[in-house]
Chemist: 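A single structure is presented below for examination.
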Amino acid sequence: MSEHGDSRPQWVTDALLIGGALLATYAVFTVFGLVLGLDVNGIVSTLQRVTFFAAVYALLALALNLHWGYTGLFNIGVAGFMAVGVYAMGLLSSAEQGFGLPLWIGVVGGMIAAALVGLLAALPALRLRADYFAIVTLGLSEIIRRALLSSSLREFEIGGQSLGTGGGSGIGFPATEGVVDYVLYAGAERGGDPALLGSLLFPLAETVGIQPSVVRSSVYTALLVVFVIAFYLVLSRIGASPFGRVLKGIREDEVAARSLGKHTNTAKIKVFMLGCALMGLAGMLWQGSRGTVTPSQFMPIVTFYVFVALIVGGSGSNAGSIVGGLVFAAALWEGPPFVRRIIRANMDVSTPTTIYDALLPLADLDVLPLVGYLVGSLDEIRFMIVGIVLVVLMLWRPDGLLGHRKEIAAATDLSRPSRRAGREGVEEGGDP
Amino acid sequence: MSTVDLGGGISRLTSERTVRALVVVAAVVLALDLVRRIYTGSLTLGTLGFYLWNGIVDGLVFGLAGIGLSMTYSILRFANFSHGDLLTTGAFSGWTVAYLIAGAGIADTSSRLLLRADGGAPPGQLDLQILGEPIAILAGLVVAALLTVLIALAIDRVVYRPLRDAGGIPLLIASVGVALALRYFIALVYTSQNRAVTASSPEWSSPVFFWTEGVNVHELTMVVSATVLMVGIHLLLQYTKLGTSMRAMADNRDLALITGIPTERVVRATWMIGAGLAGVAGYLIVLDRGTITINLGWFLLLLIFAAVILGGIGSIYGAIVGALIIGLTINVSLVWIPSDMNEIAAFGLMILVLLVRPQGLFGGVETA
Amino acid sequence: MSETSEAPAEQRDAGEALLAVENLRKTFGGIVAVDDASFSVERGTITGLIGPNGAGKSTTFDCITGVYTPDAGTVTFDGEEITGRSPPAIADRGLVRTFQIAREFPEMTVLENVLLAPKDQLGESLWRSVAPIARREVVEQEEELVEQAWETLEFFEIDHLAREYAGTLSGGQRKLLELARALQTEPSMLLLDEPMAGVNPSLEKKLLERVHDLQERGYTFLIVEHDMDVIMNHCERVIVMHQGSVLAEGEPAAIKEDERVIEAYLGGEN
Amino acid sequence: MAALEVADLDAGYGELQVLEGVDMTVEDGEYVSIVGPNGAGKSTVMKSVFGLTTVMGGRITFDGEGITGRRPEEIITTGIGYVPQNDNVFPSLSVRENLEMGAYILEDVPEDRIQRVYGRFPILEERAGQKAGSLSGGQRQMLAMGRALMLDPELLMLDEPSAGLAPDLVSEMFDRIDRINADGTAVLLVEQNAKEALARCDRGYVLVQGQNRYEDSGDALLSDEQVRREFLGG
């Protein structure tokens, strides 16, 4: 353990780890793509999708890591806080169903709204035991979803302004993906004349055969990656600070932390609100990217996806959250459809409507219908795998693959300052 | 070691009292408003009776499902998020058997084995309702219980037993995993198609049911079955050695161990009873609704949790009372709020109870 | 003989009651854990609190430090009533405790455990921990705290364990760590709940030396301890609790001869 | 041959060792007390016999049979009854049900034994239908003892049965233990009330810091000035 303070900085280790995982993922998908005979545009588009989902799950896992990994707050209402963020943004910035304010005000407002709903949940719920806290947060996220779905909020008026969640058909608003048009096109008009970054990228893309729409998505995905880096930096700073130390203290033994004079309730409320705001932001960047959203995008299952991502990577570690997001997106989200495409492209499989029709031909040793059925039921299989992964992790690796909750929480090098000057070559810690 | 005052002393006490007072005031206001509505005629007694009856029907089924959740909580010490999917398991396995029997000679084999996954002969053609095919439906009920028990025991063996001492949260997360795996395994076999599997219920008119022209026989079946099973559970828990040892283990697991109670056997019995009732509850819900979906249990899970928490998690009688309150809440609340908001009222009630009286109405046990 | 808590707060001479407990009462269900207990602890002393199992010592500690709110009675610390305040509020006032079973933060290093404790850390504010400009102050303070933490670890002779995770320490080392951690809050008084439980003799000697050093620096101690040698040889005053109330109070020599105390310990009809 | 024999026992919890080389015997029908200062490891001896600690060394035999490291549910069948100090009844079960649970490993509820326990503790018969959680401290202790007696053990281990009892109930409790012993059950008693325990037992052990420091007849220990000093420090 004594190497801890002296080895290369945490962020370098993390960057190498994440970069390595990303490159490996890209390599696998590129091979898949080549097997499928995709052209450059197809492969880039595939990598863009993988990166997009890796980024959004990383954002959510990072936010959840602040709650669960650092502070031990068992929040399983992630989907609800995302919904609050996206809908608040929608109501603020939608011209038809909301106030029609600029998008950035909507984004800020969405984060504030998510934080406030977090406060509402946190104030009374923080003294509950972890399992009750879980049920309350899940209940809250379902209350939010059902309220958004309800016909009574479909349209309403505040101060003469007509607003509405749109019930089941959802709400439309300026897409967050649209922000990339500011750097790609003159006048920020999609499909207009390329400008700024656009005038650089589009011709370049054209020469290797990448379509403008893929370029646009890729630029937005790059923006998400920037957000992932920003989340990582902010959260790592929080983690490596006296505040982060208090959070760890709460997780490890709240009674002891309180007996040392730490006002844990305040810290928990702050950190819960911040995490909720980040979940709201992640929701806006993800579900808000297309400019329309419905309550069905915020089913509780989304929360469990995020949990899988976090637990796969290892709760308590920011780098683990990002790698977890990547593994989840690549292996469980984007991987299976790819496998399906490869199978369908290479095998002459039909898709029987029921498992009965798929199993019957087995009597004649014909496995193709079964393969076809399984390939056709990929979504169900994917959910099953997510469940099995959770169970297996709890049985074998409850701390996750990279899991450790032991990142040091301090704002500075922990070797003894007065001895640091002459540290070279001196055995650390065990001074006589 | 000791319980901890997280909220911080006096201010919390007063705020708790304020909330409690507000709850009482709200209840009184609602009750008065109900009287006013009936008096002014904006709410007929018939409508209210309809709501109350539906509330009791829903409440009894939630109660049946809640008993198992409460038992696993008190004896195995974790919140089982896969409990809802045990309802789903019971519903699919039971109705498959009922359909298999009733559909003999009418529907295709694949339809009969996979409960109309291919959209085969509709249940009306089979006359699959309680008076038309009583034997098939009864057989389905039995299989629903048995198969759910078997699956629950298998899952316990593979997943929960190795985690016995892992603490509440790892078990909870594992149960989420079990829930997903189980639900989508069912979807893989049966497809995630929403479909009708029972014929519509006959009506029975009798002067006993003064508020309505006739009573839905399927609902009546549910009420009778649920009541009989609840009485049965009561007798089992109170008057048998097994039941007593289950209560003993819920009280104090360590003492049970040194008293010589075979704790693993009690755990098995807990799964058998809890899962059996869950399977039956799922089966009966489909009898009433007429349609089946893989999300049946998952969508009900939070309501069942609400019921169990309301009554005091770990208390079986609390679960039954809590379930009736939740059942009545989601139905009677329709007097004031639109029908797509009534579950919000139930979840709101659950959160309120957790905040004001986390131990529930009937006490209950402590876990992680 | 006991000091009354009416002594005005300004009066700071030695011999004044720093902590005064009056008519404290705490019940759980029907069981009376603390029954009308009153005692006081003088500034600058090491005072022992003893009594047979179930005498109510730990519950008294919990009532003083805000873990429980007493049913009746008052706790006055340094001239201010603190009855029913929250544990962090009481710790802020300078009254800090350790636990019978050491409550270290197992997945934090020994150094982190100690670094958590100091009061008024700038970086405990969320924005300061993130904002680039404020961060510099945080880092500067952190450097000081790290130096201070190392000094404390050295004082307790556990500096060679600084980078170990606290969960891997032995029982006795955890006790030392807990004491070191409590000291970092710069309290004026420490409540130690069985500091010697599970501590081997050589560590015990070390711990006691530390306590005496600290007393010389002006700290006040109230110690619950089972080991009679420790109490009798190291405390200036001893408070004996029995069945929830204070049975006797006085100097160790007197306590040892007190028939009521002997009865309480050895049992017998009375 | 001794009924219970503990030889050179090292035991504790997890990595924490509490007992160091404890030797102890209880003969058939004998009444043995273990006394000592708080934290000496008295309860740990009993828990080790009943398989509830980590045994790091040494040997425990009962009726000549090695029971070291056996699980509690096996040990209960060998004829040892154990009444822990705290939480020793099932609060939500009735008094009678608590007794029935004591005989769980038997096929049928042994009505004669329940009656015998009622005969020993008449208050339990009066409260038969009442929940154990509603009993007073003394009644709970009786119920806990009664539950342990349901299997008619050869050896009854009692962990501080007088803790938390009002003084007038303490001697009543000891009288009851005397009678249980007089009826032929060997008793191993851990007590903080050393005076009473030593006055009544056949033999006593003084345990200090996880080691048995003294062993003698109860009366001899009681009059020993050294022993007295162990309790209030030297």
Side-chain angles (χ1 to χ4, degrees), chain A residues 72 74 76 121 124-136 138-140 142-144 146-147 149-153 167 254-255 258 263-265 300-301 304 307-308 311 353-357 360 373-374 377 379-395 398, chain B residues 1-2 4-8 12 15 19 78-79 109-111 113-114 117-119 158-159 162-163 166 168-174 176-185 187-192 298 302 305-306 309 313 337-338 340-341 343-344 347-348 350-351 354-355 358 366-368:
Chain A
F74 197 62
I76 53 171
L126 284 178
R127 63 191 173 89
L128 295 175
R129 300 195 313 259
D131 49 358
Y132 279 12
F133 187 76
I135 294 168
V136 165
L138 178 61
L140 183 73
E142 278 294 271
I143 287 178
I144 291 165
R146 280 160 202 267
L149 200 55
S150 163
S151 56
S152 23
L153 294 177
E254 185 168 3
V255 175
R258 285 169 68 77
H263 293 261
T264 55
N265 283 337
I301 188 87
F304 296 125
F307 252 96
V308 172
I311 293 172
T353 46
T354 66
I355 200 165
Y356 180 81
D357 301 329
L360 217 52
Y373 182 77
L374 292 179
S377 307
D379 285 336
E380 286 80 7
I381 293 175
R382 177 155 72 187
F383 287 124
M384 270 177 70
I385 293 173
V386 168
I388 291 166
V389 165
L390 267 181
V391 170
V392 168
L393 280 174
M394 285 303 108
L395 285 172
Chain B
M1 50 184 283
S2 46
V4 185
D5 170 12
L6 281 176
R12 191 191 110 206
S15 73
V19 175
F78 75 102
T109 319
S110 77
S111 288
L113 283 172
L114 293 175
D118 55 358
V158 177
V159 180
L163 291 171
I169 295 304
L171 275 163
L172 191 160
I173 296 174
V176 170
V178 168
L180 288 173
L182 188 56
R183 187 181 328 147
Y184 288 98
F185 177 71
L188 181 66
V189 175
Y190 286 96
T191 76
S192 27
W298 170 243
L302 258 187
F305 261 121
I309 286 169
I313 199 158
I337 57 176
D340 57 7
M341 299 277 260
E343 294 195 357
I344 295 181
F347 297 154
M350 168 183 84
I351 292 179
L354 276 178
L355 301 181
E366 294 279 313
T367 62

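Every chain is numbered from 1, with letters handed out A, B, ... down the list of sequences. Only heavy atoms go into these numbers, but all of them, side chains included; no hydrogens, no water, no symmetry mates.
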Chemist: What is the distance from atom CG of Leu140(A) to atom CZ of Phe347(B), rounded to the nearest 0.5 Å?
Modeler: 11.0 Å
Chemist: Measure across Ile135(A) and Ala79(B) and return the closest heavy-atom pair with its distance rounded to 0.1 Å.
Modeler: CD1-CB, 4.5 Å
Chemist: May I ask you to test the Tyr373(A)-Leu188(B) pair for a side-chain heavy-atom distance under 4.5 Å?
Modeler: yes
Chemist: Rounded to the nearest 0.5 Å, what separates atom CD1 in Ile301(A) from atom CZ in Arg183(B)?
Modeler: 6.0 Å
Chemist: When only pairs under 4.5 Å are counted, which of Ala121(A), Gly139(A), Gly167(A) shares the most heavy-atom pairs with chain B?
Modeler: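 Greatest number of close heavy-atom pairs with chain B: Gly139(A).
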Chemist: Answer with side chain, backbone, both or neither: which region of Leu138(A) has an atom nearer than 4.5 Å to a non-hydrogen atom of chain B?
Modeler: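 Its backbone and side chain both get close to chain B.
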Chemist: Name the region of Leu182(B), side chain, backbone, both or neither, that has any atom closer than 4.5 Å to a heavy atom of chain A.
Modeler: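 Neither part.
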Chemist: Please look at Phe185(B) and chain A and tell me whether the side chain, the backbone, both or neither of the residue comes under 4.5 angstrom of a heavy atom of that chain.
Modeler: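 Both backbone and side chain.
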Chemist: Examine whether an atom of Ile76(A) lies under 4.5 Å from a heavy atom of chain B, and if so say whether it belongs to the side chain, the backbone or both; otherwise answer neither.
Modeler: side chain
Chemist: Answer with side chain, backbone, both or neither: which region of Ile311(A) has an atom nearer than 4.5 Å to a non-hydrogen atom of chain B?
Modeler: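 Contact with chain B is through the side chain of Ile311(A) alone.
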Chemist: What are the two closest heavy atoms between Ala174(B) and Val391(A), and how far apart are they?
Modeler: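 Result for this residue pair: O-CG2, 3.5 Å.
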Chemist: Please list, chain by chain and in numerical order, all residues satisfying side chain to side chain contact (heavy atoms under 4.5 Å, CB included) with Ser152(A), sequence neighbours excluded.
Modeler: Ser150(A), Pro338(B), Asp340(B), Met341(B)
Chemist: Could you tell me the separation between the OH atom of Tyr184(B) and the CD1 atom of Ile385(A), rounded to the nearest 0.5 Å?
Modeler: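 So the gap between those two atoms works out to 13.5 Å.
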Chemist: Measure Leu360(A) against the heavy atoms of chain B and call it side chain, backbone, both or neither at under 4.5 Å.
Modeler: neither
Chemist: With only heavy atoms counted, which part of Leu302(B) is less than 4.5 Å from chain A, the side chain, the backbone, both or neither?
Modeler: side chain
Chemist: Grab the two heavy atoms, one from Ile388(A) and one from Ala181(B), that are nearest each other, plus how far apart they are.
Modeler: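 Where Ile388(A) meets Ala181(B) most closely, the heavy atoms are CG1-CB, 4.0 Å.
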Chemist: Find the distance between OH (Tyr356(A)) and CG (Leu113(B)) and round it off to the nearest 0.5 Å.
Modeler: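 One gets 6.0 Å once the value is rounded to the nearest 0.5 Å.
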Chemist: Identify which part of Phe383(A) has an atom lying under 4.5 Å from any heavy atom of chain B, answering side chain, backbone, both or neither.
Modeler: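 It is both, since atoms from each part get that close.
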Chemist: Test Asp131(A) against every option in Leu172(B), Leu171(B), Ile313(B) by the side chain to side chain contact (heavy atoms under 4.5 Å, CB included) rule and name the one that passes.
Modeler: Leu172(B)
Chemist: Checking heavy atoms, do the side chain of Leu374(A), its backbone, both or neither come under 4.5 Å from chain B?
Modeler: side chain
Chemist: What I'd like to find out is whether the side chain of Phe74(A) reaches to under 4.5 Å of the side chain of Ile169(B), using heavy atoms alone.
Modeler: yes
Chemist: Taking every heavy-atom pair that is under 4.5 Å apart, which of Val159(B), Ile351(B), Ile173(B) has the most such pairs with chain A?
Modeler: Ile173(B)
Chemist: Hey, does Thr353(A) have a side-chain heavy atom less than 4.5 Å from the side chain of Thr191(B)?
Modeler: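 SC-SC contact between Thr191(B) and Thr353(A) ruled out.
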